[in-house]
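Note: hydrogens, waters and symmetry copies are ignored here, and every other heavy atom, side chains too, is used. Protein chains get the first letters and strands the later ones, always in sequence-line order, with residue 1 at the start of each.
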Amino acid sequence: MPATTFRIFRYQPDSGETESYHQDFQLEHGEKTTLLDAILRIQNEQDGTVAVRYSCRSAICGSCACKANGKTVLACMMQVEHVKTDSGQEIVQVDPIGNFTPIKDLVVDMTPFWDKFKAVKPFLIPDGPAPEKERLVPKAAMEKIAKESKCILCAACYSECNSLAADPEFVGPAAFAWGYRFAADERDGQRKNRAKLYSGEHGVWDCTRCMFCNERCPKGVDPRDAIEKLGSIAFQEKVTSDKGARHAKAFLISLRTGGKLNEILIAPYTDPIGAPFNAPLALRMAQKGKLPKSPLTHRVKDRDQVKKLIKNVKETI
Amino acid sequence: MRTHDVVVVGAGLAGMRAAIAAHEAGVDVALVTKLHPVRSHSGAAQGGINAALGNETEDSTDNHTFDTVKGADYIGDQDAIEILCQRAPLEIYQLEHWGAVFSRQEDSGKIAQRPFGGAGFPRTCYAADLTGLVILHTLYTVCVKYDIPTYEEWFVTDLVTDDDGHAVGVVAYDMIHGTIETIGAKAVVMATGGAGRVYRPSTNAHASTGDAMGMALRKGVPLKDMEFMQFHPTTLAANGVLVTEGARGEGGYLLNKDGDRFMTKYAPNKLELASRDVVSRAEATEIMEGRGIDGCVMLDLRHLGRDRIMERLPQIRELAIAFAGTDPIVEPIPIRPGAHYHMGGVHVDNWGAAPHMPGLFAAGECSCVSVHGANRLGGNSLLEAVVFGARAGEASAAYVQEHSAAPKVPSNAAADTQARIENLLSRDKGIRQFEIRDELAGVMQEKVGVYRSGPVLGEAKRTVTELRERFQSVVVDDKGKTFNTDLIHTLETGFLLDLADCMVTGAIARTESRGAHSRTDFTERDDENWMKHTLSYLDDGEVRLDYSEVAMTKYEPQVRSY
């Protein structure tokens, strides 16, 4: 029977301690014991004050996301031995999910997460009255949002999000997955308004594309893909005044005309008003050789190839 | 003191549907839940929700009613079952209009329907194998849209009554802020779900501890048909996690260790799609007679092929891989019967109103209308939750509009609870709740399981009684105010013990075999003596039984075979 040291994040404001710390617990457990079962055994057998959210223990309620040796997981779905082999470490350190404020031990204040969820208007807003029976929806149209419908709001993506780490106001991956779920729902009548709502400051264009949300989502929702699809919807709905959208568009123009990126031209297109204020940065970049010498960079020879690539990409969206 | 017209305790399907209905009826309604609404166990329901839409083949609400009456082994109230089946299509369309992502037919774009156990026609609407999750989310989005006030992570400890014995609110522990408060109301709707955690293994969430039943029972409200616990035929051996009936609905086989489809012996017509009590007994018999593998039989999905499994049963594959180390595309899944759904609950009428307490309503698994009788059909629980959730919401709103005077909430309600909890926390030595829970769940599984007999039930009763005594000296490790889960588990354990006593006592008395209650010493159904509902009361800590009539309309009891 394996034995493991669990190094659990402790924060117990009731006891008057203002600082968090880690406490080690030793536990003998079965080969297939899940991280949640191990924590619950510690809670039962060693220390009843350990606090953790959990309920279904079958990876559907979304309560028990936490960090195991630095990676966000659903505790009920992850076996202790797998944490050890994945991380190459014998000790299993358990921390609360990231980008949140702890309330007690592994329990964090989820308020910002739920507020942002509500901010994307996560409900169907159809045009016109409903028919007597069900609305008829092609199977393929319903399947387009099947992946995002699987989101259990566990906040694993939110925990791993690098954009949130830099900007706590960023709406975040889960909420945008839900945003896409409604924006792409044939029955919804707010596609354009949703595109506007999800653009702008802290919106879809602020995603850093680090892909951690896709990587760590326990349900295969791929929130980054949803954010990307929301970007496409913004273009389709001509909601392109956002700096992020303009930046994307500038990429495309640059590729079309010159066959490669021309950063000197991209910056002013993205932000015509703000760009001049970035002149000192541009100068420093130029000094370090990070900018092309002339704004009129030479064009790549085989631009037809580039155009073909762009066409291919467009067709797959 | 906080007050609302209607307070709904529990925010799963029944609770949220009730709150939406009450809100639409124009009253001030609030939800109170010990979890967050989307964490509720309704979300773990996989296979589907029944309604005679007739999208696949012709079907009718009469067919649905008959199948349910028969599935219930004739102890369901036929007038209530008619209501359930008649409102079913309307509720499905309503969910669809609210945005539920139901799986669709290939050509027509209508809602697809799959075959399910005990049903004569493909009647089960579904969203892959995530039907509960999709409906739970749909209702939550409607609650968000309506901005229904929701007390999240408030554990309700007590039902509050006035001097006339009317329900006038609840006392709850705000887990985040660590306070105990009264929420006054003109009507209370209980919708806290089942008590599956009386057993181990159980498909139920850790949070399924039957709190509403426990609270109502302590206030003198009887519980109905507590002896009927459904054992689901396909649960994972490792931890009791559910494998949907949809797996058999899609064509899965059950095999014993010799590779035989043993259901040909037990239900030659319906085979794997006989009703759950029948399939669970068949599995238990195969295992007892030595034709199992490590206490399990096998669920074989391989012949469905990769594409169908990935499209229709993706979650099952994910769970089987995570918890059983088995990919159903390449090998059969070891499964066994496990406690799943409690047919019994708070005794209520067809509107979800408790006849013994004005102002109290209940809906969903914590209630007993009764539409499931002695055995629930797969796909009828989500349906019951939305249909009777809606009705309880409508009825509570109507009650409030008739009884508009401010509720006379006893001023000491929260203080009484506070004192009781402080007393509990002041104890330093004693037994921890998990020891009692473990022993209780073990004895219920072993002695009040798929097959039962008088003498063994008697042993279970003695153990439960002894555990209730030992619980008097329970000790809580965590003395803090914030998010004290040890305290909550202790209070839940108190409920579980009372409920287990009702289950065992009812089972001892019922000297017949009916639906999920299968006695080896009384193997036949006895309509002459037992065509009646059991009512359990708690008098000075002792369970007392009484009985009430079963409502019949046009379906005469018949021999039940599949």
Legend entry - Among A:Phe182, A:Trp114, A:Tyr54, residue most engaged with chain B (heavy-atom pairs, under 4.5 Å): A:Trp114
Inset, instruction - Name the option with the most non-hydrogen atom pairs under 4.5 Å to chain B; the candidates are A:Ser15, A:Pro138, A:Ala140, A:Pro122. - result: A:Pro122
Inset, instruction - First locate atom CE of A:Met77, then atom CD1 of B:Ile321, and finally report the distance between them rounded to the nearest 0.5 Å. - result: 9.0 Å
Legend entry - B:His97 side chain vs A:Lys133 backbone, donor-acceptor pair below 3.5 Å: yes
Inset, instruction - Given side chain to side chain contact (heavy atoms under 4.5 Å, CB included), test A:Arg181 with B:Val101 step by step and report yes or no. - result: CA-CA 10 Å; A:Arg181 174 252 172 276; B:Val101 186; 3.2 Å; yes
Inset, instruction - Apply side-chain hydrogen bond (donor to acceptor under 3.5 Å, both in side chains) to A:Asn44 and B:Glu435, showing your working. - result: CA-CA 9 Å; A:Asn44 281 338; B:Glu435 297 175 67; over 6 Å; no
Inset, instruction - Can you tell which part of B:Ala45 gets under 4.5 Å to a heavy atom of chain A, answering side chain, backbone, both or neither? - result: neither
Inset, instruction - Evaluate salt bridge (charged side-chain N to carboxylate O under 4.0 Å, His left out) for B:Asp147 paired with A:Lys118, printing each intermediate quantity in order. - result: CA-CA 10 Å; B:Asp147 202 14; A:Lys118 289 173 185 168; over 6 Å; no
Legend entry - Heavy-atom closest pair, residues B:Phe483 and A:Ala51: O-CB, 4.2 Å
Legend entry - Winner by heavy-atom pair count (cut-off under 4.5 Å) against chain B, out of A:Met110, A:His82, A:Lys32, A:Arg53: A:Arg53
Legend entry - Carboxylate-amine/guanidinium contact B:Glu318 A:Lys219, below 4.0 Å: yes
Inset, instruction - Examine distances only and state if a side-chain atom of A:Arg57 and a backbone atom of B:Asn239 form a donor-acceptor pair shorter than 3.5 Å. - result: yes
Inset, instruction - Keeping the roles fixed (side chain from B:Arg39, backbone from A:Cys61), state whether a donor-acceptor pair exists under 3.5 Å. - result: yes
Inset, instruction - For the residue pair B:Asn55 and A:Glu134, confirm or rule out a side-chain donor-acceptor distance under 3.5 Å. - result: yes
Inset, instruction - Would you give the length of the straight line joining atom CZ of B:Arg432 to atom CD of A:Gln43, rounded to the nearest 0.5 angstrom? - result: 8.0 Å
Legend entry - chain A contact via B:Glu106 - which portion, at a heavy-atom distance below 4.5 Å: both
Inset, instruction - Please check if the side chain of A:Asp14 supplies one atom and the backbone of B:Thr482 the other of a donor-acceptor pair under 3.5 Å. - result: yes
Legend entry - Point-to-point distance, once rounded to the nearest 0.5 Å, from CG of B:Leu35 to OG of A:Ser63: 6.5 Å
Inset, instruction - Using a cut-off of under 4.5 Å on heavy-atom pairs, state which of A:Leu124, A:Asp37, A:Ile60 scores highest against chain B. - result: A:Ile60
Legend entry - B:Glu96/A:Arg187 ion pair, N-O < 4.0 Å: yes
Inset, instruction - Using the six-membered ring wherever Trp is involved, compare the ring planes of A:Phe117 and B:Tyr140 and label them parallel, tilted or perpendicular (cut-offs 30° and 60°). - result: parallel
Legend entry - Side chain / backbone / both / neither for A:Ile152 at chain B, heavy atoms under 4.5 Å: both
Legend entry - Which atom of B:Thr141 lies closest to which atom of A:Phe123, heavy atoms considered: O-CB, 3.7 Å
Inset, instruction - Return the option, out of B:Leu90, B:Leu236, B:Leu53, B:Ile111, with the maximum number of heavy-atom pairs under 4.5 Å with chain A. - result: B:Ile111
